[in-house]
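Reading through the C-alpha cells given below for one structure.
Throughout, residue positions are numbered sequentially from 1 according to the sequence presented.
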Amino acid sequence: DDDDDNDDKGSAKSQTKSKQSVSTSTTPTKSSKMNEDSKKEEEKGKKEDENPEGTNWTILGLELQNTPRSRAMQIHMEHQDYLYGVQSLPSRRARIVGSITKFDMMSCDANDVGNCELHEHIAAPTTRIVSMTVTEGGYHYDTKTKGLDLDSGVYDADLKTLSAFGYDSERVPSGPYTTAVGFIVAGLAQRCCIRGPPVTVMSCDNLPHNGSLLEGLVLQFAGIVDDGVQEWIRDNVTFPNSMVDRITPATSLTTITNFCLDYHVYDRIPVTAEDFMQWVVEDKFINGRPKWEVANEIPEVTEHGGSVLFVKDVEPFERLKLRILNGTHTAIAYISTLAGHKTVDKAMLDKRILYFVRVYMNVVSATLHFDSDVNIDVEKYKKSIISRFSNRDISDSLDRICQDGSKKILAYTLPPLLDILGSDESVDNSKLDPFAIVIASWILYLSTNSAEQVNDPLATSLVPEAQNVSQAGAINFVSKFMGENVAKSHSFVNRVEHYFQEMQTNGIDKLLDLACLQSLFKLDSL
C-alpha cells in the first residue's frame with residue numbers, strides 16, 4: 001500500500017522493484033531470489049560479509065500462484081526478455097530495469113515435474129539471497145502467538161508433502177507447495193541435503209519485525225518436518241529485518257497507455273511509483289550481498305529525500321513508517337470510501353479528510369520515542385506524507401487499500417492504540433477518537449458489504465460480526481478482531497459505538513463536517 005503495494009499480484013517486475021528501486025510490491029503468493037552469476041566458483045560454506053569482487057547479481061522471479069493473471073505475467077516477461085519500465089512521478093523520470101534473467105511459475109499439475117520443483121532454485125549453491133514479498137496475508141500466522149496458524153489447515157498440504165522427508169534424505173519431495181513458508185522450507189531442506197553454502201532469506205513485507213517473524217515461522221515449520229533440518233537452518237540461514245517505503249499503485253491499462261505515449265515504448269508490464277523511495281535493511285547477510293548502497297549516489301534517489309540504509313536495528317525506522325504511513329493509509333481507507341472517494345489523492349482534496357489525516361498523525365506520533373542516536377525527523381516525515389498522499393500522479397485506489405483490513409488493523413492501528421491505552425488509566429477522548437473513528441468506519445464498511453465483496457482472509461467471520469454491531473454493540477467485534485487488551489477499555493469501545501451509530505444514523509458527511517471535526521479534535525490549535 002504505500003508500500004504494501006504494487007498490489008499487482010503475480011508480478012515479477014514488482015519484486016525487482018523491491019530490490020532495485022527500494023519499494024515494496026504485494027503479491028500474495030510470490031517470492032524471488034537473487035542469483036549470483038560469477039565466473040569463479042566460491043568455496044561452499046564460506047561466510048562472507050560483502051559482495052565478492054567481480055560478482056554479477058541477477059534476479060530469478062518465482063511465482064507460486066498459478067492463476068490467469070500470473071500466467072499472463074510470465075508470458076509478458078518472456079516476450080520482453082524480462083525487461084520492464086519504471087516511471088517515477090511527478091518527476092516523470094523513467095528507466096528500463098534489466099535485473100531479472102528468468103521468471104518461473106509453480107505448476108498446478110503434480111505431474112509437471114519441472115515446475116513442481118522450483119524450490120530447488122533456493123537450494124542452488126549460486127543462490128545467495130532469497131527475498132519475498134507476499135503481503136501480510138501471505139504469512140498465515142497466529143497474531144497472538146506469532147507462530148504458524150496450524151488450525152486454519154492452510155499448511156496441511158505442504159506438511160503432508162514433506163512428511164516423508166528426513167535429514168538424511170537425498171532430496172526433498174516434489175511440490176507443488178502452496179504456502180510461502182512451506183516453499184521456503186522445502187528449498188532450504190534441499191539445500192541442507194546437498195550441504196550447500198549459507199543463504200539469506202529476506203522479507204520485504206509490511207510487517208513489524210518481518211525478518212524475525214519469518215525466521216520463527218520457518219524454524220517452527222522445519223521443526224515439524226525434521227529436527228536436523230531445523231538445526232541446519234538455525235546455523236546456516238539469516239533473516240534480516242527490513243523496511244521498504246515507496247507508494248506503488250497497481251499497474252492498470254492507463255499505466256500501460258501513458259507509458260507508451262510518454263516514452264514511445266510499448267511495455268505490457270510497466271511500474272508507476274512515487275519519486276520518494278527508502279529502503280532500510282538490517283545488515284545481516286550471511287553469504288554476501290549486492291552493494292545496494294550505491295543507490296545513495298543516484299540523483300533519482302537522493303533528490304527526493306530517499307535513501308538505502310544498512311543498519312544494526314531497523315525497528316525505529318520500521319515503527320515510524322508502519323505507524324505513520326501505513327497506519328494513516330489504513331485510517332483513511334474506509335472513511336474515505338464511505339464518503340464516496342475512489343482514490344487517495346482525491347480523498348486528500350476533501351479538507352475534512354485532510355484534517356483527519358493531520359489529527360491522526362499527531363496523535364500517533366506522540367507514541368513514537370527514539371533514542372538520541374537515531375536520526376529521524378518525525379515532523380518532516382509527517383509533512384512528506386501529506387505531500388505523498390496528495391500526489392495526483394500516484395492515484396492509489398482506496399479499494400486496494402481496503403483489502404486485508406484484519407491484518408492491517410493489527411499491524412498498523414493496534415500498536416499505537418495499545419501504547420495510548422497502556423499509558424494512563426483515564427485516557428482523554430481526544431486521543432481515542434481518531435482510532436475509534438477508524439474502527440467504526442471499518443465496521444460500517446464491512447456491514448454494508450457481503451463477505452464475497454470484502455477482500456480479506458477473514459471476510460466470512462468479519463462481515464457477520466460487523467452486521468451484528470448495530471444490535472449487540474461493538475464489544476464482541478473489538479474483542480475478536482483487536483484483542484482483549486483493547487476490548488477491556490470500556491472508554492474506547494464506547495467511542496467506537498458512538499461513532500458507528502453517528503455514521504449509521506446521520507451519515508459520513510455529517511461526521512466529517514469541518515465544524516464537527518473542529519469541535520472534536522480542536523483543529524484550530526494544530
Side-chain angles (χ1 to χ4, degrees), residues 1-11 14-15 18 23-32 64-65 131-149 152 154-155 178-184 201-218 239 241-250 314-315 318-319 321-331 333-334 396-418 438-439 442 445-446 454-459 461-462 481-483:
D1 328 275
D2 39 324
D3 38 291
D4 219 275
D5 305 51
N6 195 307
D7 200 36
D8 201 37
K9 300 190 185 344
S11 156
S14 305
Q15 182 62 50
S18 292
S23 72
T24 300
S25 70
T26 52
T27 66
T29 50
K30 176 188 71 219
S31 67
S32 145
L64 303 188
Q65 186 180 48
S131 73
M132 58 185 285
T133 50
V134 298
T135 76
E136 303 92 337
Y139 285 74
H140 303 295
Y141 70 101
D142 186 308
T143 54
K144 293 180 180 178
T145 66
K146 307 302 180 185
L148 298 171
D149 182 9
S152 68
V154 70
Y155 288 108
T178 60
T179 66
V181 172
F183 176 76
I184 288 174
V201 177
M202 178 175 62
S203 168
C204 293
D205 285 300
N206 290 312
L207 286 167
H209 317 296
N210 52 15
S212 300
L213 173 66
L214 178 60
E215 179 177 16
L217 298 176
V218 167
F239 298 82
N241 292 297
S242 70
M243 186 282 290
V244 287
D245 189 356
R246 195 183 197 189
I247 299 175
T248 311
V314 174
E315 195 277 335
E318 175 187 80
R319 185 156 32 106
K321 187 254 185 175
L322 293 180
R323 293 193 181 193
I324 299 296
L325 190 146
N326 295 88
T328 306
H329 242 171
T330 300
Y334 305 106
D396 211 356
S397 166
L398 284 166
D399 184 55
R400 183 186 61 76
I401 298 174
C402 287
Q403 297 173 9
D404 296 329
S406 62
K407 298 293 184 182
K408 293 176 180 178
I409 293 291
L410 290 180
Y412 313 145
T413 311
L414 186 60
L417 174 59
L418 287 175
V438 172
I439 303 306
W442 181 36
Y445 169 85
L446 293 169
V454 174
N455 193 334
D456 192 292
L458 300 181
S461 56
L462 279 167
F481 300 110
M482 299 188 71

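- Interatomic distance, CG of L322 versus NE2 of H329, reported as 13.5 Å (0.5 Å rounding).
- What you find for V181 and L217 is that their closest heavy atoms are CG1-O, 3.9 Å.
- The closest donor-acceptor contact from the side chain of D149 to the backbone of H140 lies at 3.5 Å or more, if one exists at all.
- With hydrogens and angles ignored, the 3.5 Å screen pairs a side-chain donor or acceptor of D456 with a backbone N or O of S406.
- Atom CG of D205 sits about 9.0 Å away from atom CG of L214, to the nearest 0.5 Å.
- With hydrogens and angles ignored, the 3.5 Å screen pairs no side-chain donor or acceptor of T330 with any backbone N or O of I401.
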Query raised in the report: Given the rule in the side chain to side chain contact (heavy atoms under 4.5 Å, CB included) test, do S242 and N210 qualify, once you have shown the distances and angles that lead to the verdict?
Result: CA-CA 7 Å; S242 70; N210 52 15; 3.5 Å; yes

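- No side-chain heavy atom of I409 sits less than 4.5 Å from a side-chain heavy atom of F481.
- Here T179 contributes atom OG1 and Y139 contributes atom OH; the two are 12.0 Å apart, rounded to the nearest 0.5 Å.
- Judged by distance alone, with hydrogens and angles left aside, the side-chain atoms of Y334 form a donor-acceptor pair with the main-chain N or O of C402 at under 3.5 Å.
- In terms of modelled atom types and a separation under 3.5 Å, the side chain of N241 and the main chain of S212 share a donor-acceptor contact.
- The structure places CD of E318 at 8.5 Å from CG of L207, a figure rounded to the nearest 0.5 Å.
- Note: I324 CD1 to R319 CZ = 11.0 Å, rounded to the nearest 0.5 Å.
- Counting only distance, with no hydrogens or angles, the side chain of K408 and the backbone of Q403 share a donor-acceptor pair below 3.5 Å.
- Taking both residues in full, the closest heavy atoms of R323 and P415 are given as NH2-CB, 3.6 Å, listed atom of the first, atom of the second, then distance.
- Not one N or O on the side chain of D404 forms a donor-acceptor pair closer than 3.5 Å with the backbone of K407.
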Requested in this report: List the steps, then state whether side chain to side chain contact (heavy atoms under 4.5 Å, CB included) holds for V218 with V201.
Outcome: CA-CA 10 Å; V218 167; V201 177; 5.7 Å; no

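- For the residue pair A180 and L64, the shortest heavy atom distance occurs at CA-CD1, 4.0 Å.
- In this structure, E315 contributes its side chain and H209 its backbone to no donor-acceptor pair below 3.5 Å.
- Using a 4.5 Å heavy-atom cutoff, the side chains of N206 and E136 are in contact.
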